[in-house]
Amino acid sequence: MQVLVVGAGVVGLAIARQAALSGHDVTVAEITGGIANGVSSRNSEVIHAGLYYPTDTLRAELCVRGRRMLYEFCASHGVNHRKCGKLVVATNEAELGKVETIMAQAERNGVEGVEMVGGNAARAMEEELFCIGALLSPETGIIDSHGYMLAMQGDLEDRGGMIAFETPVEDMSHKASQWHVRFGGSEPAIIPFDAVINAAGLGAQGLARRIEGYPAGQVPRLVLGKGNYFGFAGKPAFSRLIYPTPIDGGLGVHVTLDLAGRMRFGPDVEWIAEENYTVDPRRADSFYERIRTYWPRLPDDALVPDYCGIRPKLTGKGEGQADFMIAGPKDHGMPQLVNLFGIESPGLTSSLTIAELVVGYLKD
Ligand SMILES: Cc1cc2nc3c(=O)[nH]c(=O)nc-3n(C[C@H](O)[C@H](O)[C@H](O)COP(=O)(O)OP(=O)(O)OC[C@H]3O[C@@H](n4cnc5c(N)ncnc54)[C@H](O)[C@@H]3O)c2cc1C
């Protein structure tokens, strides 16, 4: 089949690669001039173990299996990564109850190697840490996500697939068993495809509304959950990722490490109405307060505004977490069309399993 994937983020690239490996003729249309210019370039680059997500959700299933596949992909394709492990820490009795609940969920999700450790044992692993107990997740890691996306682009191109940059998809309609897709950009055209996958990240809802005849009630609302990061100007204090207990809308301001050995903190949750990518330095105050609950010796003036990313959420403040929404023909009634909505964390970790699921929806 002639398959069009809209969006060259980590999810679009994984789907395009999987479709090409399955023998389809694949084109990716990307509005910007390169891969990974959307949500995929603005995240924590953590390979999540799959601890938190409720049983029987796509996020639980696709993350746990996706993580295993991602480690295998990194090994076979030489993508830089490190299984550094993570501690989810409790700094008081109430938080200890929450960490134990996460532990039980992690076991239900089939996450390997998780264990509860006491405060002293945690401090023996990370001497700067304050906590009264923690969940140790040895399977959590970090990845060079750009290297991962380049490797997927390589696999796609080896199988004859291609990416058209600066090529926005404007709209489409289904006629005579084909999708007629209208492209903008410098060479506007209408081109037919057998199947279309909408992996446009923050643009997915907008595009779905421009699909002729697509049921309006099947397009979920888009809520923007900005996550700000602050860099740490100094030698990293930890060798593992350190997470507090989750907060409304996110996993809490945690310690992230990159493969270059730098330490940073974030992301927090800032509910916004319109996309913007500036980090307000005044947010540092709340970062100091939160980080010092588990790292009391965080020095003054050590945090510097870094970058931010925007989570394409389906639920807002106080509304609880939504699952990934992957809408195929059985959901919306239109043939050979899959729309992906709300692909926030752990979308990077789950990208290979999302791709398997989506390509499985395509039928000759
Ligand atoms: C702050 C933050 C931290 C995160 N941390 C992690 C983490 O540590 N681990 C993890 O597993 N996940 C994490 N995630 C989630 C992960 O980053 C996302 O799930 C993933 O990057 C989504 O990829 P995507 O391909 O769906 O979207 P994108 O990367 O946004 O790709 C969509 C692409 O579509 C293009 N596009 C849009 N509209 C059109 C159009 N009409 N025509 C053509 N192209 C179009 C855009 O330009 C873009 O390139 C985090 C997310 C955020 C925001």
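In listed order, ligands and their atoms are each counted from 1. Remember, it's a predicted structure, so these values are computed and weren't measured experimentally.
Contacts of Y229 with ligand 1, taken as heavy-atom pairs under 4.0 Å, involve the side chain alone. For T167, every heavy-atom contact with ligand 1 shorter than 4.0 Å involves the backbone, none the side chain. By the criterion of a heavy-atom distance under 4.0 Å, the side chain of V6, and not its backbone, is placed next to ligand 1. For L340, no heavy-atom contact with ligand 1 is shorter than 4.0 Å. By the criterion of a heavy-atom distance under 4.0 Å, the backbone of A29, and not its side chain, is placed next to ligand 1. Under 4.0 Å from ligand 1, the heavy atoms of E344 that appear belong solely to its backbone.
Looking at R264 and D306, no side-chain N of the basic residue comes within less than 4.0 Å of a carboxylate O on the acidic one, giving no salt bridge. Note on R210 versus E170: no salt bridge recorded, every NZ/NE/NH1/NH2 to OD/OE distance being 4.0 Å or above. E270 and K313 are not joined by a salt bridge, as no carboxylate oxygen comes within less than 4.0 angstrom of a charged side-chain nitrogen.
Closest heavy-atom approach to atom 25 (O) of ligand 1 within the set N37, I35, V11: this belongs to V11. The nearest non-hydrogen atom to atom 9 (N) of ligand 1, considering only I310, V46, L348, comes from V46. By heavy-atom distance, the residue among G50, G309, A199, G12 lying nearest atom 32 (C) of ligand 1 is A199. By heavy-atom distance, the residue among N228, L70, V39 lying nearest atom 28 (P) of ligand 1 is V39.
Checked against the 6.0 Å centroid criterion, the rings of F130 and Y294 do not qualify as a close aromatic pair. Aromatic ring centroids of W295 and Y288 lie 6.0 Å or more apart.
The N/O atoms of S350, backbone and side chain alike, include none that comes under 3.5 Å of an N/O atom in ligand 1. Considering backbone and side-chain N/O of R311, none are found under 3.5 Å from N/O of ligand 1. At a 3.5 angstrom cut-off on N or O pairs, A8 does not count as close to ligand 1.
Between E139 and the options K83, K86, R68, a salt bridge (Lys or Arg N to Asp or Glu O under 4.0 Å) holds for only K83. No option in E72, E61, E112 other than E112 meets the salt bridge (Lys or Arg N to Asp or Glu O under 4.0 Å) test with R67.
Atom CD of E127 has 12 or fewer neighbouring heavy atoms from other residues, nucleotides or ligands inside a 6.0 Å radius.
In terms of protein heavy atoms, atom 42 (N) of ligand 1 is closest to V169 N, 3.0 Å. The closest protein non-hydrogen atom to atom 22 (C) of ligand 1 is I343 O, 3.6 Å. With respect to atom 13 (C) of ligand 1, the closest heavy atom belonging to the protein is S345 OG, 3.5 Å. In this structure, atom 47 (O) of ligand 1 lies nearest to the protein heavy atom E30 OE2, 2.7 Å. For atom 43 (C) of ligand 1, the closest non-hydrogen atom on the protein side is I31 N, 3.4 Å. Remark: minimum distance from atom 50 (C) of ligand 1 to any protein heavy atom is reached at N43 CB, 3.3 Å. The protein atom (non-hydrogen) at minimum distance from atom 21 (O) of ligand 1 is S40 OG, 2.9 Å. Of the protein's non-hydrogen atoms, A200 CB, 4.0 Å is the one closest to atom 39 (C) of ligand 1.
Each of the following atoms of ligand 1 lies closer than 4.0 Å to a heavy atom of H48: 7 (C), 8 (O), 9 (N), 10 (C), 11 (O). Those atoms of ligand 1 that come under 4.0 Å of a heavy atom in E45, given as number and element, are 8 (O). Near R42, with a cut-off below 4.0 Å to any heavy atom, the atoms of ligand 1 are 1 (C), 2 (C), 52 (C), 53 (C). Each of the atoms 20 (C), 21 (O), 23 (O), 25 (O) of ligand 1 lies under 4.0 Å from some heavy atom of V10. When each atom of ligand 1 is checked for a heavy atom of G38 under 4.0 Å away, the hits are 29 (O), 30 (O), 49 (O). Using a 4.0 Å cut-off to heavy atoms of T32, the atoms of ligand 1 that qualify are 47 (O). In summary, the atoms of ligand 1 found under 4.0 Å from a heavy atom of G7, numbered by their order in the structure, are 33 (C), 34 (O), 35 (C).
T101 places a side-chain N or O within donor-acceptor distance of the main-chain N or O of G97, the cut-off being under 3.5 Å. The backbone N or O of K226 lies less than 3.5 Å from no partner atom in the side chain of W271, so there is not a single donor-acceptor pair. For N109 (side chain) and V111 (main-chain N/O), no donor-acceptor pair under 3.5 Å exists by modelled atom type.
Side-chain polar atoms of S137 and T140 form a donor-acceptor pair below 3.5 angstrom. Counting only N and O atoms by type, the side chains of N339 and Y214 include a donor and acceptor under 3.5 Å apart. For the residue pair D194 / H24, no side-chain donor-acceptor distance below 3.5 Å is found, with atom types taken as modelled. S239 and E126 are linked by a side-chain donor-acceptor pair at a separation below 3.5 angstrom, with hydrogens and angles left out of the test. A donor atom on one side chain and an acceptor atom on the other are not found under 3.5 Å apart for R17 and Q153.
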